[in-house]
Novice: 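Quick one: the structure is below, and I'll ask about it shortly.
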Amino acid sequence: MSGGFQSDPTSLAHCSNMVRTRFAPSPTGYLHIGGVRTALFNWLYARHHNGQFILRIDDTDQQRNVEAALQPILDGFRWLGIDWDEGPEVGGPHAPYYQSQRSARYQGAVARLLDAGCAYRDFATTDELAAEREVAQKEKRDFVYSRRWMAETPADVARFEDEGRVAVVRLKMPREGTCRFHDLVRGDVEFSWGREQDHVIQRADGTCLYHLASVVDDADFEITHVIRAEEHLPNTPRQRFIATSLGLEPPEFAHLPYVAEPGGTQKISKRKLAKYLKNRDFKELFEHGSAIAAALGREVEADTFNPVIVDFYREVGYLADALLNYLVLLGWSLDDKTEDFSRAEMVQHFSLERVNKSPAGFDPQKLRATQMRYMQAVPSKKKVALVLPYLQQARLVTSPPPCETGPRVAQILQAADDRVKVAGDILEFGEFFVADDALEFDEKAFEKRIRKPNATPLLLAFRAELAVLEPFDAVTTEAALRAFIEAQSIKMGEIIHALRVAVTGKAVGVGMFDTLAILGRDSCLARIDRACARE
RNA sequence: GGCCCCAUCGUCUAGCGGUCUAGGACUCCGGCCUUUCACGCCGGCAACACGGGUUCGAGUCCCGUUGGGGUCACCA
């Protein structure tokens, strides 16, 4: 834990200067990995400054069931430990936090914009607009709306309405000069106003669009810092225009680089699963997760069971802290060597100044390496609790579990050591939970190790020793086997593999003697007998 | 295509004019450990996109080229 108290105590006293950030998901039913990274940076920035983090739901264009589609997103944040001070389920002084319920605020803003002459009613049809666009393209010049169907007086309105036209409301954007602002990540940026379009802010049916809603909400919610993905950078001029036209002080902006696809340079997207599966590392990540899902008897839907979606990691048994640690390093770093950050350390050290400008590729290998390090640090008791639900879902353990299960699982986890990298990996050790007569054999391994000359007699000879061994633990079984191979004048390899296959059904697993000890004498003897009798 | 953004090992990054024959992490490749697998340990490969400036000195500043990307909706 390096560093110390860095924050300036005097700044904390000024509540009026309190940092307030927000993340504004659309209720789509899933939490995108890139979205989480953005939310995390907002959360960290707020927490670092002893500020507040707000969740706002951008559902202006949603006809579907918002509640149902929102739940997985909220669950995802809860799992990750990214908590919000205001928003759905927790409420707050600026409620409601759903854009679909704030239309009165937007209508009011549109009226003020109209009054101020910063917006106008436009009666153009989409065909007419398309025609203008086409002409512009033919003449190889930038398209800017002619404002031919702009109605600024009641007379204009009446005239157009008589023609049977309906109006939308457009921003009356400046056509000269430059929009300059300081971006907390990218520095000074500028756009010339002349290329900005007169964006629609209110549809013909009266509903309002994102840019307007977003600016109004950010002001209402007293958002001080808008930290969002880079693709919003071109949206910033029009949003600043809306804010200033409304007489509001625009918030600070920080545009984060996007998260790039594995092995590529484009923005990562949940729809390109098939493409990413061609990437070796991503495929491995996905297949490892799929195997766990299959062992759980889960039907996997491409919609959520996808490493681009956060649910994937939760379902498979990744640690939230590990995911967060991986994500925070995607575009941010503290120094030239620190890789591991607890939640508190992230909060303590995070700053926008150290956010990178260039996109960061999603690297499945590094994620898995981070996860492994975190798993290694989990204390035994907690690991048991982590793993137990997986055993229950796979019906290897009943729920509630019998009382001997806890110690047994702890024993297995200790023996398995780093082999359990995510909680779901426990399912690779099903042999410790099945009945002796239900053990399945890996046929290839059985063929190679047991169906060979001398294997069965050796196994049975050693079985006789195990039968009378006292006590029956890893130390004594190892000593017994070493004495046995010496007495038989054979090498370890000549029996140990057969023994493993006989008692676990598999060619690989945890240490041989740990395996024997965990299984216990009765199971070992029964399984050796069963394997030797098998043809 | 217009506008905007970006550019250090395969990947994530350190580097804010001299301490850089460019550091760390992941991956990869050797080796060790070893009853399998995993872990662990030791070692190794590997980068400043290119061209001009500025400067005593440039990965670091400026310009250009190239390359990559984002964005151009009555989506968010």
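Chain A is the first sequence line, chain B the second, and so forth, proteins listed ahead of strands; every chain is numbered from 1. Here the structure is a predicted model, which means the values were calculated and not measured.
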Novice: Calculate the interatomic distance between A/Arg368 atom CZ and B/rC28 atom C1'; express it in whole Å.
Specialist: 17 Å

Novice: Starting from the C-alpha separation in whole Å, work towards a yes-or-no answer on ring-ring contact (aromatic ring centres under 6.0 Å, His included) for A/Tyr97 and A/Phe221.
Specialist: CA-CA 9 Å; A/Tyr97 293 88; A/Phe221 297 165; 4.9 Å; yes

Novice: Expressed in angstrom and rounded to an integer, what is the separation of A/Asp59 atom CG from B/rC75 atom C1'?
Specialist: 13 Å

Novice: Ring-on-base stacking between A/His232 and B/rG70, under 5.5 Å between centres and under 30° between planes: is it there?
Specialist: no

Novice: Taking any heavy-atom pair under 4.0 Å as a contact, classify A/Arg56: base, sugar-phosphate, or nothing.
Specialist: nothing

Novice: Looking only at the side chain of A/Glu230 (C-beta and beyond, no hydrogens), which of the listed nucleotides B/rC5, B/rC37, B/rU35 gets closest?
Specialist: B/rC5

Novice: When you get a sec, tell me which of B/rG70, B/rC26, B/rA76 is the closest nucleotide to the side chain of A/Tyr210?
Specialist: B/rA76

Novice: Quick check: closest heavy atoms across A/Val420 and A/Met375, and the distance to 0.1 Å?
Specialist: O-CG, 3.4 Å

Novice: Looking at the side chain of A/Leu209, which of B/rC4, B/rC74, B/rU13 is the nearest nucleotide?
Specialist: B/rC74

Novice: How many Å lie between NZ on A/Lys337 and P on B/rG24, as a whole number?
Specialist: 8 Å

Novice: Taking the six-membered ring of A/Tyr145 as reference, does the NZ or CZ atom of A/Arg170 fall below 6.0 Å from its centre and within a 45° cone about the axis?
Specialist: yes

Novice: Mind calculating the distance between CH2 (A/Trp149) and P (B/rC74) to the nearest angstrom?
Specialist: 15 Å

Novice: Considering only B/rC26, B/rC39, B/rC5, which nucleotide approaches the side chain of A/Gln365 most closely?
Specialist: B/rC26

Novice: Any donor-acceptor pair under 3.5 Å joining the side chain of A/Arg195 to the base of B/rC3?
Specialist: no

Novice: So A/His211, base contact, sugar-phosphate only, or nothing? Heavy-atom distance under 4.0 Å.
Specialist: base

Novice: If you check the A/Lys366 side chain, which of B/rU36, B/rC12, B/rC3 turns out closest?
Specialist: B/rC12

Novice: Applying a 4.0 Å non-hydrogen cut-off, can you work out what A/Gly361 is touching in the nucleic acid: base, sugar-phosphate, or nothing?
Specialist: sugar-phosphate

Novice: Does A/Asn356 place a side-chain N or O at less than 4.0 Å from the phosphate oxygens OP1/OP2 of B/rA14?
Specialist: yes

Novice: Taking for each residue the nucleotide of RNA chain B with the nearest heavy atom, is it A/Asp281 or A/Asp363 whose nucleotide lies nearer the 5' end?
Specialist: A/Asp363

Novice: Of all heavy-atom pairs between A/Gln371 and A/Ala322, which one has the smallest distance, and what is that distance?
Specialist: OE1-CB, 3.3 Å

Novice: Would you indicate which nucleotide in B/rC39, B/rU35, B/rC6 comes nearest to any side-chain atom of A/Gln376?
Specialist: B/rC39

Novice: Could you check which of B/rG15, B/rA7, B/rU71 has an atom nearest any side-chain atom of A/Ser358?
Specialist: B/rA7

Novice: Once you apply a heavy-atom cut-off of 4.0 Å, does A/Val510 come out as touching a base, just sugar-phosphate, or nothing?
Specialist: base

Novice: Given B/rA14, B/rG40, B/rG2, which nucleotide is nearest the side-chain atoms of A/Asp142?
Specialist: B/rG2

Novice: Establish, yes or no, whether the cationic atom of A/Lys270 lies under 6.0 Å from the six-membered ring centre of A/Tyr30 and within 45° of the ring axis.
Specialist: yes

Novice: What's the CD-P distance between A/Gln266 and B/rG67, to the nearest Å?
Specialist: 16 Å

Novice: Answer with yes or no whether A/Lys357 presents, from its side chain, a donor or acceptor under 3.5 Å of a partner atom in the base of B/rC6.
Specialist: no

Novice: Would you mind telling me which of B/rU71, B/rG68, B/rU36 lies closest to the side-chain atoms of A/Pro234?
Specialist: B/rU71

Novice: Using heavy atoms to find the nearest nucleotide of RNA chain B for A/Met492 and A/Gly263 separately, return the residue whose nucleotide is more 5′.
Specialist: A/Gly263

Novice: Which whole-number value in Å describes the distance from A/Lys448 NZ to B/rC37 P?
Specialist: 10 Å

Novice: Given atom CG of A/Leu459 and atom C1' of B/rU35, what is their separation to the nearest angstrom?
Specialist: 14 Å

Novice: Mind checking the C1' distance from B/rG68 to B/rC75? Whole angstroms is fine.
Specialist: 26 Å

Novice: Pairing check on B/rU34: which nucleotide meets the Watson-Crick or G-U wobble criteria with it, both distances under 3.5 Å?
Specialist: none

Novice: Kindly check if the number of other-residue, nucleotide or ligand heavy atoms within 6.0 Å of CZ (A/Arg165) is above 12?
Specialist: yes

Novice: Among B/rC6, B/rA14, B/rC74, which nucleotide sits nearest the side chain of A/Ser333?
Specialist: B/rA14

Novice: To the nearest Å, how far apart are A/Leu327 CG and B/rC12 P?
Specialist: 14 Å

Novice: Tell me, please, whether A/Phe41 has A/Arg37 positioned over its six-membered ring: NZ or CZ under 6.0 Å from the ring centre and within 45 degrees of its axis?
Specialist: yes

